[in-house]
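One structure below.
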Amino acid sequence: SAVISQKPSRDICQRGTSLTIQCQVDSQVTMMFWYRQQPGQSLTLIATANQGSEATYESGFVIDKFPISRPNLTFSTLTVSNMSPEDSSIYLCSVLTGPGANVLTFGAGSRLTVL
Amino acid sequence: AQSVTQLDSQVPVFEEAPVELRCNYSSSVSVYLFWYVQYPNQGLQLLLKYLSGSTLVKGINGFEAEFNKSQTSFHLRKPSVHISDTAEYFCAVRPIQGAQKLVFGQGTRLTINP
């Protein structure tokens, strides 16, 4: 399966600032998915990022708050803008892998704490 | 749309005892089913999956799950647990056709006591 590297692994941020999370995959993939896991909660899909087109956002998530870039088939970034304590979460990058690309493989996640 | 319900938020068991983590789903279309495990302070790791074929699937670390289409369930079982199985377990589904979105349950925290 694909190997996914995320940076930073964790960070502590000040209210009102923005942080960009990077996701690098060791193989070319069509779609990359960004999920959020709030403390003690399950995972919620933020958006799907396709190379060469704008990301598709899920209900409750907007581009101004979570801009995404997808410059090539192995890399994507997610920015969390104008952060508040409610944005404290683990943000995970994922891609479809395996025969038929049916299995979602996750990076280790980026744990953000907003003070 | 799909939804996933994990019936137990927490399951405490003693070491070497059997365990079952329950998962029910709702979907108007056929789905693939997955169980993921999240160890403390780590990312998600695929435990097992059902894509087609035999409804009893075996995964890593001695876990298995059975797909029951009539009951729309995909319960996870292990005959004898170890301390190292302490983790959060997530059930998830994805439509076979259409959107690639994976929908997760709320998770079950499995705690193994010595």
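Below, chains carry the letters A, B, ... as their sequence lines are ordered, and counting in each starts from 1. Just the heavy atoms: all of them, side chains too, but no hydrogens, waters or symmetry mates, feed the values below.
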Hey, quick one: are B:Leu33 and B:Val4 part of the same hydrophobic cluster, counting side-chain heavy atoms closer than 4.5 Å, chains of contacts allowed? yes
Are A:Ile68 and A:Ile63 grouped together when hydrophobic residues (ILVMFWY) are joined by side-chain heavy atoms under 4.5 angstrom apart? yes
How far does CZ of A:Phe33 sit from CG of B:Leu102, to the nearest 0.5 angstrom? 9.0 Å
Side-chain heavy-atom pair A:Gln37, B:Phe90 within 4.5 angstrom cut-off: yes
Using heavy atoms and a sub-4.5 Å threshold, report which of residues 44-53 of chain A line up against chain B, by residue number. A:Leu45
Region of B:Leu46 in contact with chain A, defined by heavy-atom distances below 4.5 Å: side chain
Measure the shortest side-chain to side-chain distance between B:Tyr32 and A:Val103 over non-hydrogen atoms and say whether it is less than 4.5 angstrom. no
Nearest 0.5 Å, what's the CG-CG distance between B:Leu44 and A:Leu43? 5.5 Å
Quick check: is B:Val11 connected to B:Val37 through a chain of hydrophobic side chains (ILVMFWY, heavy atoms under 4.5 Å apart)? yes
Check against side chain to side chain contact (heavy atoms under 4.5 Å, CB included), B:Lys49 and A:Asn102: CA-CA 10 Å; B:Lys49 61 185 183 293; A:Asn102 287 318; over 6 Å; no
Rounded to the nearest 0.5 Å, the CD atom of A:Gln41 sits from the CD atom of B:Gln106 at a distance of 6.0 Å
Taking the side chain as every heavy atom from C-beta outward, state whether A:Arg111 and B:Asn41 have any atom pair closer than 4.5 Å. yes
Take atom CD of A:Glu54 as the centre, draw a 6.0 Å sphere, and report whether it contains more than 12 heavy atoms from other residues, nucleotides or ligands. no
Can you sort out the partners of B:Thr111 under side chain to side chain contact (heavy atoms under 4.5 Å, CB included), two or more places apart, ordered by chain and number? B:Arg109, B:Asn113
Can you hop from B:Leu7 to B:Phe34 via hydrophobic side chains spaced under 4.5 Å? no
Looking only at A:Ile90, A:Thr105, A:Leu96, A:Leu92, the option with the highest number of non-hydrogen pairs under 4.5 Å against chain B is A:Leu96
Heavy-atom donor-acceptor pair, A:Ser42 side chain to B:Gly107 backbone, under 3.5 Å: no
A:Lys65, NZ: over 12 other non-hydrogen atoms inside 6.0 angstrom: yes
Looking at A:Gln38, I want to see if its CD is surrounded by more than 12 non-hydrogen atoms of other residues, nucleotides or ligands under 6.0 Å. yes
Contact origin within B:Gln38 toward chain A - heavy atom pairs under 4.5 Å: side chain
For residues A:Met31 and A:Tyr57: do they belong to one hydrophobic cluster (side chain heavy atoms under 4.5 Å, members Ile, Leu, Val, Met, Phe, Trp, Tyr)? no
